[in-house]
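These notes concern the structure reproduced below.
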Amino acid sequence: MRVASFNINGIKARLPRLLEWLEETRPSVACLQEIKTQDEGFPASEFEKIGYRAIWHGQKGFNGVAILADGADPVEVQRGLAGEPEDEHSRYIEADVFGVRVACIYLPNGNPQPGPKFDYKLRWMDRLRSRMREIAAEEVPAVVIGDYNVVPNDCDVWSAAAMAPDALMQPASRDAYRRLLHDGWTDALAMHNPQGGIWTFWDYQAGAWQRDHGFRIDHALLSPELADRLAGCGVDKEYRGREKASDHAPVWVALRE
DNA sequence: ATGACTCAATTCTTGAGA
């Protein structure tokens, strides 16, 4: 089976591109971020027409996450993270599907930093870590996949110097990400590509795509029970170059049965 | 260079993204 993640930057604007990607690459599970629609605007019937069933957590205007499964119903386990009841951002949804726990995340960007948005990012990462430790304690095969908005290492960005002031690059952001790895989670792309140089995002601005000025911020973290089953992983880079593309490219992990 | 581009919103301008 393959579990994929795609920050689509607006499901309404991206629907033709998204359906095309699903039909061409046919992931078993597809986790989406930045659907940017309220729950009632989610085009579930369009996905059912091509054999995918979904759960989603929307929000007006921005954020929003969804989990799609090929020929199966994702069984929702949780939406949102504990620890901050007043937080109304739709950034987390978790389900059991095909015998795997799948959590789809859209981690706060945190810019500008320093400031309240960066503080929120770090608090959100603490809350995520708490939930991931709970999942790890269940000792189930699990993947926490999505847009982490963290560049883990300097080899994961076209220019560490140019990006240094960004919230995605801050030591506090990177430390919080490393704590997840220290808890026993495996960064699938990093394990298979330790040399770096793999990007999942290219800004719309300043010809970033044409210049290959990208970075790696979409990650798949595997629990020990699932890391043993990792057969391969990759980035569907070509989709970033199509008409009306998202600024992210899809990432995926292939798992042995 | 406080830029560049794109999306959503009862759109003609602003907030958000990264």
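Not measured: the values here are computed from a predicted model. All chains are named by letter (A, B, ...) in the order of the sequence lines, taking the proteins before the strands, and each is independently numbered beginning at 1.
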[N] phosphate, OP1 or OP2: any side-chain N/O from [X] under 4.0 angstrom?
X: A/R91; N: B/dG17; value: yes
X: A/N63; N: B/dA8; value: no
X: A/K244; N: B/dC7; value: yes
X: A/Y106; N: B/dA18; value: yes
X: A/H248; N: B/dA18; value: yes
X: A/K12; N: B/dA9; value: yes

Between [atom2] of [N] and [atom1] of [X], the distance in whole Å:
X: A/F118; N: B/dG17; atom1: CZ; atom2: C1'; result: 16 Å
X: A/W202; N: B/dC5; atom1: CH2; atom2: C1'; result: 17 Å
X: A/D247; N: B/dC5; atom1: CG; atom2: C1'; result: 9 Å
X: A/L18; N: B/dC7; atom1: CG; atom2: C1'; result: 15 Å
X: A/M163; N: B/dG17; atom1: CE; atom2: C1'; result: 12 Å
X: A/W158; N: B/dA18; atom1: CH2; atom2: P; result: 18 Å
X: A/D203; N: B/dG17; atom1: CG; atom2: C1'; result: 9 Å
X: A/Q59; N: B/dA16; atom1: CD; atom2: P; result: 11 Å

Side chain to side chain, A/Y92 and A/R127, heavy atoms closer than 4.5 Å: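 A side-chain contact under 4.5 Å is absent here.
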Flag side-chain contact, heavy atom, 4.5 Å: A/V140 against A/E225: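 They are not in contact (no side-chain heavy atoms under 4.5 Å apart), so the answer is no.
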Sugar-phosphate only, base, or nothing, as touched by A/N9 at under 4.0 Å among non-hydrogen atoms: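 It contacts sugar-phosphate atoms only.
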Touch class at under 4.0 angstrom, heavy-atom based, for A/N7 against every strand present: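 If one applies the 4.0 Å heavy-atom cut-off, A/N7 turns out to touch the sugar-phosphate alone, with no base involved.
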Basic-acidic side-chain contact under 4.0 Å: A/D187, A/R216: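 So A/D187 pairs with A/R216 through a salt bridge.
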N-O pairing of A/E76 and A/R79 below 4.0 Å: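 Salt bridge: yes.
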Row check, A/Y120 ring normal vs A/R123 NZ/CZ: under 6.0 Å, within 45°: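 Judged by the rule (NZ or CZ under 6.0 Å from the ring centre, within 45° of its axis), A/R123 is not positioned above A/Y120.
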[X] side chain, from C-beta outward: closest of [options]:
X: A/K117; options: B/dT6, B/dA18, B/dA16; value: B/dA16
X: A/Y204; options: B/dT6, B/dA16, B/dA18; value: B/dT6
X: A/A206; options: B/dA4, B/dA8, B/dA18; value: B/dA4

Approximate separation, where rounding is to 0.5 Å, of A/M191 CE and A/C233 SG: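 Atom-to-atom, A/M191:CE and A/C233:SG are 7.5 Å apart.
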Separation of the [atom1] atoms in [N] and [M], to the nearest angstrom:
N: B/dT10; M: B/dG15; atom1: P; answer: 14 Å
N: B/dT6; M: B/dT11; atom1: C1'; answer: 15 Å
N: B/dA18; M: B/dT13; atom1: P; answer: 26 Å
N: B/dT2; M: B/dC12; atom1: C1'; answer: 23 Å
N: B/dT14; M: B/dA1; atom1: P; answer: 25 Å

Earlier contact from the 5' end, DNA chain B, for A/N111 and A/K60: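 Its nearest nucleotide being more 5', the pick is A/K60.
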Which residue lies more 5' along DNA chain B, comparing A/I11 with A/F201 via nearest heavy atoms: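 Result: A/I11.
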